[in-house]
Each structure stands twice: as C-alpha cells, then as structure tokens.
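Down below is the structure, laid out as structure tokens.
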Number of protein chains: 2
Amino acid sequence: MAASPVLTSAHKIAVAGLGLIGGSLARRLAARGRFVIAWNHNDRPYEQARSQGIHCVDTLEELAKGKADVLVLATPLRAMPDVLQTLAPVLTRGTTLTDVGSVKGPVRRQVEQAGLADRYVGAHPMAGSEGSGYEDSDPALLEDALWALCVDEHTDYSRFLTVADMVTQGLGNRLIVLDDATHDRAAALISHMPHVVATALANMLTRSPDRRVASALAAGSWRDMTRVALTDPERTRAMVEENADQVADLLDVLVENLQGMASLLRVQKPETGERRRDFFLQADPFRRYKAALSDQEQISTTDLELDSQEGNWRKDLLDSALRGEQVSAFLTTSRARVLHPPVID
Amino acid sequence: MAASPVLTSAHKIAVAGLGLIGGSLARRLAARGRFVIAWNHNDRPYEQARSQGIHCVDTLEELAKGKADVLVLATPLRAMPDVLQTLAPVLTRGTTLTDVGSVKGPVRRQVEQAGLADRYVGAHPMAGSEGSGYEDSDPALLEDALWALCVDEHTDYSRFLTVADMVTQGLGNRLIVLDDATHDRAAALISHMPHVVATALANMLTRSPDRRVASALAAGSWRDMTRVALTDPERTRAMVEENADQVADLLDVLVENLQGMASLLRVQKPETGERRRDFFLQADPFRRYKAALSDQEQISTTDLELDSQEGNWRKDLLDSALRGEQVSAFLTTSRARVLHPPVID
C-alpha cells in the first residue's frame with residue numbers, strides 16, 4: 001500500500017526553458033511570491049529575468065540539484081531527450097517533474113525512457129500567443145488560464161497535488177484532469193488542426209493573383225481566422241508533427257465536410273438548400289454554449305469529495321472533467337473546490 | 001459626350017434597412033452631421049433611431065421621394081427584387097443608388113432588371129460583427145473601414161463621386177475601386193469561404209464525443225477561428241449562397257491543401273518533413289505583410305491625377321487599387337488623395 005498522500009505546496013519552482021510559455025510561467029510565479037529558479041539554453045534572457053525576480057542558473061544540472069518542489073520542462077519536444085538525459089542522474093529525488101507541452105503522450109514516453117516516470121505529472125496550460133521567446137513572455141498570458149493535468153495509473157497523488165498547487169495557488173489558475181489520449185485528441189481538435197487550417201488559408205491568400213486587393217479588403221473574419229498562422233512556422237510544424245495522427249484524422253473529417261459544402265453549393269435544388277441550412281445550423285449547440293459563457297452572472301462553486309486512496313482519486317477527477325467541472329483548489333487531499341461553467345451539449 | 005463630372009457632396013442620405021450595417025451607417029453619418037432619413041421593414045428600431053438623430057419614414061416610397069443625394073440599400077439580397085420594384089417608379093432622378101451587400105455582381109443584375117443601372121454605384125464596407133439588427137449596430141463598427149466601390153463601363157462619374165463623398169467625408173472612411181468580378185472573388189477568399197470553414201470547425205466540435213473536454217480546453221486559437229461561426233446562420237448561408245461558385249471553387253483549393261497536409265502527416269520520411277516545412281513557410285509573405293502593417297510609423301500619402309473624361313477615371317482608379325493604394329478623399333474631379341499602405345507580395 002502506498003503512503004498516505006499529503007497536501008504539499010510548490011514553494012520552490014524550477015523552470016527549464018525561458019521561452020514564451022516558460023518565461024510567462026516563471027514571471028507569473030515570481031510575481032505571485034513563489035521562489036523561482038530558471039535555466040535557459042542560452043543566457044540572453046537572464047538579465048531581464050533576474051530583474052523580474054527570477055534566479056537564473058548556468059547549467060541544467062544546477063537546476064536539477066536545486067531541491068525545487070517542482071521542475072517544469074518548458075523546452076521544445078525535440079530537446080526533451082537531451083534535457084531528460086541530463087536531468088535523470090542528478091534530479092533531486094523529492095522534485096516532481098512536469099512540463100507545458102501541447103501534446104502529452106509523446107512527453108510521457110520520453111520521460112519513461114529516461115526512467116523518471118515515477119516523478120512525472122503531465123501538464124498543459126491552455127494559453128499562448130503568436131509571439132515567441134522571453135521577450136514576448138507576459139505573466140498576463142496565463143491570466144485566468146485553464147490547465148490540463150495528465151495522469152496515468154502510475155501517477156503519485158502527492159506529486160499530483162504539488163503540481164496542482166503550483167497551478168491553483170501559485171498561478172491562480174484552474175485545472176482539469178485528463179488521460180494523455182483524451183488530451184491529445186481534444187488538443188488536436190481545438191488547436192493543432194486549426195493551426196493547419198489557418199496556415200492553409202494564409203497560403204491561399206499568398207498564392208492568389210488577387211492577393212493585393214484581397215488583403216486590402218480583409219477585415220475581422222480574415223484577421224481572426226489567420227492570426228495563428230502568424231506563429232513561428234517551425235514551432236507550429238513541430239506542434240502539428242508531434243500530434244500527427246490525430247491532426248491527420250481530423251483534417252480528413254474537415255475535408256469531407258468542406259467537400260460536402262462545395263458540392264451543395266454547385267446544385268440549385270430545394271433539397272440542397274435545406275442541406276446547406278442544416279450545415280450552418282449544426283453549429284447551434286456551440287452558439288448556445290458561447291452565449292451561455294458570456295451571459296453567466298457567476299459560475300457556481302461546489303466541493304468535490306475525493307477518495308484519496310489507491311488511485312481512486314484519479315477516477316474521481318477524470319469523471320469530474322468529463323462532467324465539465326474545473327478545479328480551482330484542493331482544500332484537503334480528499335476535497336477539491338470545483339467550478340461549474342456552462343457545458344456544450 | 002457625357003456632361004462634365006462635378007464634385008458633389010452627399011448631404012442628404014437615405015438608408016433603406018436599419019439592420020447591423022444599415023443602422024451603423026445611418027448612426028455614423030448622423031453623428032458626423034449628415035442629414036439621414038431611413039426606412040425599415042418594421043418600425044421597431046424607429047424610437048431609438050430617432051433619438052440618435054435619424055429621420056425615420058413610414059414607407060419605402062416616402063424614402064425614395066425624399067430627394068436624397070444617395071439612397072443606400074441595406075436590405076438583404078433576397079428582399080432586393082421587391083425593394084427595387086417599389087423604388088423604380090418613384091426614386092428621385094437625382095438620387096444615386098448604392099448598397100452595402102457582400103456580393104456585387106448579383107446586386108448589379110437586380111438593379112439592371114429594375115431599370116436603375118444608370119443611377120447605381122455598388123459599394124461594400126469591409127466591416128461587420130457576429131451581431132445582428134439595429135440593437136447591435138454601432139457607429140464605431142465603421143471606424144477606419146475600407147470600402148470597395150464597384151463600377152462598370154456604365155457608371156456615371158458624378159454619381160460615383162457622390163457615393164465616394166459619403167464614404168470619405170461623410171463617414172471618414174477609405175475606398176478602393178474594383179470591378180464586380182474582382183470584388184466577388186476577393187470577398188469569397190477573405191470572408192465568404194472562411195465563414196464556411198469556421199462553421200465546419202464549430203460543427204466538428206459540436207459532433208465530437210470529446211466536446212466537453214475540448215470546449216473547456218479551447219483557448220485563443222479556437223476562439224478566433226470560430227468567432228464568425230457565431231453569426232446568425234441564416235445570414236451566413238445567404239452570403240455564401242450569393243457567391244456560391246466562387247466559394248465552392250475556393251473550398252476545392254482548400255480541400256486539396258488540407259488533403260496534402262493530411263497525407264504528409266502520415267508518412268515519416270525526410271522529404272515529407274521538408275514538404276511539411278514548406279507548407280508552413282509558404283505563409284511567410286503574409287507574415288511579413290502583417291508585420292509591416294503593425295510596424296509602420298505612418299502611411300505615406302500622395303495625390304493621384306485622374307483623367308476625369310470618357311471613363312478614363314475608371315481605369316485610373318482600378319489601376320490604383322491593383323497597386324495597393326487606398327483613396328481617402330477626392331480633392332477635385334481629377335485629383336484624389338491616396339494612401340500607400342504596405343502590400344503583400
């Protein structure tokens with residue numbers, strides 16, 4: 001039987017990688033009073049980071065030996081094997097490892113290969129911008145952010161609670177608990193696949209003989225639909241490739257839908273008119289959901305009882321996420337405060 | 001030989017239809033000191049409109065006989081045949097007819113059928129929102145808007161200049177001059193087709209078994225890419241159907257691009273990695289263009305000499321638009337002030 005879980009705080013947080021997300025995270029944690037140490041693969045951001053209350057160290061080994069409660073991997077996925085190989089022999093035993101990557105299955109596999117699975121809790125903050133690097137980082141990027149914390153049957157509950165403390169108390173954010181596969185499917189749908197679509201739209205403008213006139217006429221709808229195409233194309237490519245199968249499957253579904261609409265637009269019959277209407281009405285649950293989100297006066301809050309033993313906490317939290325609840329705090333190891341925002345149905 | 005053109009002002013402006021665009025237009029013109037009369041198919045917005053300085057009339061005939069310099073059709077395309085039939089016998093001879101529809105070829109054909117072609121200048125303000133109706137109208141919707149004014153070989157230059165005065169002096173907006181076909185192709189690319197894509201994305205979320213988790217995780221990229229899917233689905237359907245052929249052709253091109261990417265994501269070979277990189281890099285001219293737009297300190301302004309006789313003004317202005325220039329004012333009938341924003345190349 002495992003030791004009883006404890007509700008620990010993430011007082012000291014180590015951040016590996018001071019890019020857009022790592023930088024925003026480190027700055028927000030420091031601004032909210034946590035002790036933050038950080039390392040970056042070059043020292044360019046150090047002067048600015050130090051002036052913002054972040055303790056920068058010269059080597060990854062130093063970061064790993066720093067006895068932090070949590071070490072956040074905020075490095076690109078392609079750098080993970082090297083970073084994990086460096087960390088594995090020196091990481092303080094009590095330090096919990098987490099990350100901020102936009103896919104979770106591949107990160108866990110690399111962590112397992114490095115022999116660090118028992119210390120790992122996956123994490124993904126749903127926040128970002130088309131900027132990059134520490135110079136574009138901003139503590140406000142994580143304002144009101146929701147995190148996905150990803151667990152499997154080996155996840156240690158005390159370590160989970162430490163990462164949850166960083167998210168809720170450290171950052172003032174909310175979280176939901178998912179398994180890697182559900183996260184990676186959902187992230188493909190609401191982020192990775194749309195990034196491909198935005199880029200495809202921008203490519204069509206770039207290649208169009210009408211591009212000067214069309215870009216002049218472009219207003220709100222075009223600006224919004226192509227904003228994420230402005231992201232560093234190498235970063236977008238890496239993100240999409242890391243979730244390649246899911247993105248490809250979703251592109252197939254989208255293609256089928258768009259082909260269907262193209263066909264319907266070429267036929268002038270009453271029944272095709274009806275089917276075009278159906279296409280545009282099909283998004284009504286999404287419209288109602290968005291209206292509910294913007295109309296709500298306040299979100300109700302309740303306490304969720306958790307079975308803290310033997311991994312049952314995991315099922316309790318996974319089920320809570322599927323009901324559409326979001327965790328804002330852990331009050332004890334067996335009680336979480338949860339918000340009930342509107343859900344799409 | 002036609003009469004010499006004159007630089008007339010649009011002092012009195014009649015607006016048929018007080019919806020989102022007609023309402024925003026009428027309110028902005030009234031707020032900027034023009035005399036605005038308006039009619040709507042029901043009188044629901046009249047009380048509010050009157051309090052905002054708009055003179056509301058009970059019938060379309062009354063509006064048509066009101067000796068306005070310009071009458072703006074801000075009614076849905078499906079209402080055009082009836083509206084034009086009512087207007088045709090009673091419209092004051094000196095009143096110039098224009099509209100604000102998002103497709104221009106179909107409107108011109110209906111105006112021609114009503115025998116009003118000689119008084120017509122097409123127009124499309126590049127502005128909008130996912131709202132609808134007078135209650136969502138807002139003079140600020142047209143802040144800094146660019147208009148496409150659409151002309152053909154029959155367009156009267158004096159009438160064109162009257163509509164241009166409404167746009168530039170009346171509204172404080174800018175304009176470019178296009179033929180209908182170029183406008184309708186460009187509008188399909190930057191607005192109508194993307195509306196279909198946004199709706200298709202929202203439909204995928206609505207149908208997904210992961211929709212609760214996915215909608216919770218949805219952040220900036222998803223919010224921006226689906227915003228226009230929140231538009232009244234009947235209005236979007238009408239807009240897309242009015243430009244059906246162009247939209248269908250563009251959907252074909254997009255489908256081909258997305259299929260290409262889906263295939264590339266399923267193959268792990270060095271050369272497919274290169275081709276994925278090429279896909280994301282292809283949008284670089286768009287990224288440079290957007291960076292130039294946001295970096296510029298100020299846009300340079302020059303005067304454009306126009307040959308005001310025999311329709312040559314038309315070619316001069318069409319060429320100016322193709323160079324990427326935008327007209328901010330007509331100083332005389334043979335001189336326009338033009339802005340030189342960055343262009344995409």
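Protein chains get the first letters and strands the later ones, always in sequence-line order, with residue 1 at the start of each. Quick caveat, the model's predicted, so the values are computed rather than measured. Side chains are part of it too, since the values below use all heavy atoms of this structure and drop only hydrogens, waters and symmetry mates.
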When only pairs under 4.5 Å are counted, which of [options] shares the most heavy-atom pairs with chain B?
options	value
A:A188, A:A214, A:P209, A:A321	A:A214
A:G220, A:A216, A:G128, A:S263	A:A216
A:L201, A:T231, A:V228, A:D345	A:D345
A:G260, A:A127, A:A187, A:A200	A:A200
A:A229, A:A248, A:A186	A:A248
A:L230, A:V197, A:T226, A:V247	A:L230

Taking side chain as C-beta onward, heavy atoms only, is [X] less than 4.5 Å from [Y]?
X	Y	result
B:D210	A:L189	no
B:L217	A:H183	yes
B:M261	A:T199	no
B:R212	A:I176	no
A:R277	B:E234	yes

Is chain B contacted by the side chain of [X], its backbone, both, or neither, given a heavy-atom distance below 4.5 Å?
X	value
A:R266	side chain
A:V196	both
A:E256	neither
A:N257	side chain
A:L250	both
A:I190	both
A:D249	both

From [X] atom [atom1] to [Y] atom [atom2], the distance as rounded to the nearest 0.5 Å:
X	Y	atom1	atom2	value
B:H195	A:M225	NE2	CE	9.0 Å
A:Q259	B:Q259	CD	CD	5.0 Å
A:R227	B:K290	CZ	NZ	10.5 Å
A:W222	B:M126	CH2	CE	12.0 Å
A:D232	B:R287	CG	CZ	8.0 Å

Minimum heavy-atom separation for A:A283 to B:A202, with atom names?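 The pair with the smallest heavy-atom distance is CB-CB, 3.8 Å.
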Taking A:N203 for its side chain and B:F279 for its backbone only, find out whether a donor-acceptor pair lies under 3.5 Å.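 The answer is yes, because a donor-acceptor pair under 3.5 Å joins these two groups.
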What residue in [options] has the most heavy-atom pairs under 4.5 Å with chain A?
options	answer
B:D252, B:L281, B:D284	B:D252
B:L178, B:L254, B:V253, B:D245	B:L254
B:L293, B:L258, B:T182	B:L258
B:P341, B:P194, B:A219	B:P194
B:R223, B:Q326, B:R323, B:M193	B:R323
B:A244, B:S208, B:S221, B:A198	B:S221

Residue [X] versus chain A: region with a heavy atom under 4.5 Å:
X	result
B:Y289	side chain
B:S191	both
B:R211	both
B:R174	neither
B:L265	both

Counting only non-hydrogen atoms closer than 4.5 Å, can you tell me which residues of residues 142-151 of chain B sit against chain A?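 Those residues of residues 142-151 of chain B which have a heavy atom under 4.5 Å from chain A are B:L146, B:A148.
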Test: A:D278 and B:R237 ion pair at under 4.0 Å: no
Neighbour count above 12 (heavy atom, 6.0 Å) for B:R235 CZ: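 Yes, the 6.0 Å shell around CZ holds more than 12 heavy atoms from other groups.
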Is the CZ atom of B:R275 crowded by more than 12 outside heavy atoms at less than 6.0 Å?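 Counting neighbours around CZ of B:R275, 12 or fewer heavy atoms of other residues, nucleotides or ligands fall under 6.0 Å, so no.
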